[in-house]
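Not measured: the values here are computed from a predicted model. Excluded from the calculations below are hydrogen atoms, water molecules and symmetry mates; all remaining heavy atoms, backbone and side chain alike, are included.
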Amino acid sequence: MIRADDTDLGDRTSLNLLAAEAAMYSRGPGVTVLHTLAAGRGRLTEGDVDQALATLDELAANIAARDGVRGHAHAHALRTRLADVRGATPIDLTT
């Protein structure tokens, strides 16, 4: 489980899959941040979190356009967790 302080962000496998899926729709720096999350090591700034949030929004919009559904459940859950920890930056990731 990847953690940001006391918040569980997800397991390494699901975060890697999410980062790979996001890379299909975005080439922005948020994809790199999602890969950093999946690695479970490093430090995220508020700007990093903002980039990841924008990438997750882009992923959800593309899935909604493609499938006609609201979005990706895991992406939505991660977005909620990241928004919760955004103000506590910098965030040290741990496993």
Side-chain angles (χ1 to χ4, degrees):
M1 187 62 66
I2 308 300
R3 299 178 58 81
D5 296 325
D6 293 333
T7 303
D8 289 333
L9 297 176
D11 65 86
R12 188 175 307 239
T13 300
S14 60
L15 289 171
N16 268 318
L17 291 171
L18 185 60
E21 188 171 7
M24 290 190 290
Y25 297 106
S26 176
R27 297 290 179 244
V31 173
T32 303
V33 175
L34 292 176
H35 281 290
T36 300
L37 282 172
R41 293 182 303 274
R43 176 175 277 192
L44 301 180
T45 66
E46 188 171 338
D48 294 332
V49 174
D50 288 343
Q51 291 169 344
L53 293 173
T55 298
L56 291 170
D57 288 343
E58 188 176 2
L59 173 61
N62 278 289
I63 289 173
R66 181 189 72 201
D67 298 338
V69 296
R70 181 168 170 247
H72 192 290
H74 186 69
H76 179 71
L78 178 59
R79 189 196 190 296
T80 300
R81 289 185 204 115
L82 282 176
D84 288 345
V85 300
R86 182 180 174 271
T89 54
I91 298 167
D92 290 317
L93 300 172
T94 59
T95 55

Open item on the list: For T36, is there any backbone N or O sitting under 3.5 Å from a side-chain donor or acceptor partner on R41?
Closed with: no
Open item on the list: Among residues at least two apart in sequence or on other chains, which ones pass side-chain hydrogen bond (donor to acceptor under 3.5 Å, both in side chains) with S26?
Closed with: E58
- [ ] Measure across A52 and L82 and return the closest heavy-atom pair with its distance rounded to 0.1 Å.
- [x] CB-CD1, 3.9 Å
Open item on the list: Once rounded to the nearest 0.5 Å, what's the spacing between atom CG of L78 and atom CG of L34?
Closed with: 6.5 Å
Open item on the list: Please identify which of these residues, V31, T32, V33, meets the side-chain contact (heavy atoms from CB on, under 4.5 Å) condition with H35.
Closed with: V31
Task: Cluster check V49, L9: I/L/V/M/F/W/Y, side chain < 4.5 angstrom - done: yes
Open item on the list: For D57, give me all partners under side chain to side chain contact (heavy atoms under 4.5 Å, CB included), at least two apart in sequence or on another chain.
Closed with: R79
Task: Distance in Å, R81 CZ paired with L56 CG, rounded so as to fall on 0.5 Å steps - done: 11.0 Å
Open item on the list: So, using side-chain hydrogen bond (donor to acceptor under 3.5 Å, both in side chains) as the criterion, who are the partners of D50 when residues are at least two apart?
Closed with: R86
Open item on the list: Tell me whether V85 shares a hydrophobic cluster with L44, the cluster being built from Ile, Leu, Val, Met, Phe, Trp, Tyr side chains joined at under 4.5 Å.
Closed with: yes
TODO: Can you sort out the partners of R43 under salt bridge (Lys or Arg N to Asp or Glu O under 4.0 Å), two or more places apart, ordered by chain and number?
DONE: D92
Task: Shortest non-hydrogen separation from A75 to L59 and the atoms involved - done: CB-CD2, 3.9 Å
Open item on the list: Do M24 and I63 land in one hydrophobic cluster if side-chain heavy atoms of ILVMFWY residues count as linked below 4.5 Å?
Closed with: yes
Open item on the list: Using every non-hydrogen atom in the two residues, find where T55 and G30 come nearest and quote the distance to one decimal.
Closed with: OG1-CA, 3.0 Å
Task: Worked check of side-chain contact (heavy atoms from CB on, under 4.5 Å) between L18 and L37 - done: CA-CA 10 Å; L18 185 60; L37 282 172; over 6 Å; no
TODO: Say whether, by atom type as modelled, one donor and one acceptor occur between the side chain of D48 and the main chain of T45 under 3.5 angstrom.
DONE: yes
Open item on the list: Give me each pair satisfying side-chain hydrogen bond (donor to acceptor under 3.5 Å, both in side chains) with a member in residues 14-24, each pair once, sequence neighbours excluded.
Closed with: D11-S14, E21-H72
Task: Pairwise side-chain contact, T80 with H76, heavy-atom cut-off 4.5 Å (strictly under) - done: yes
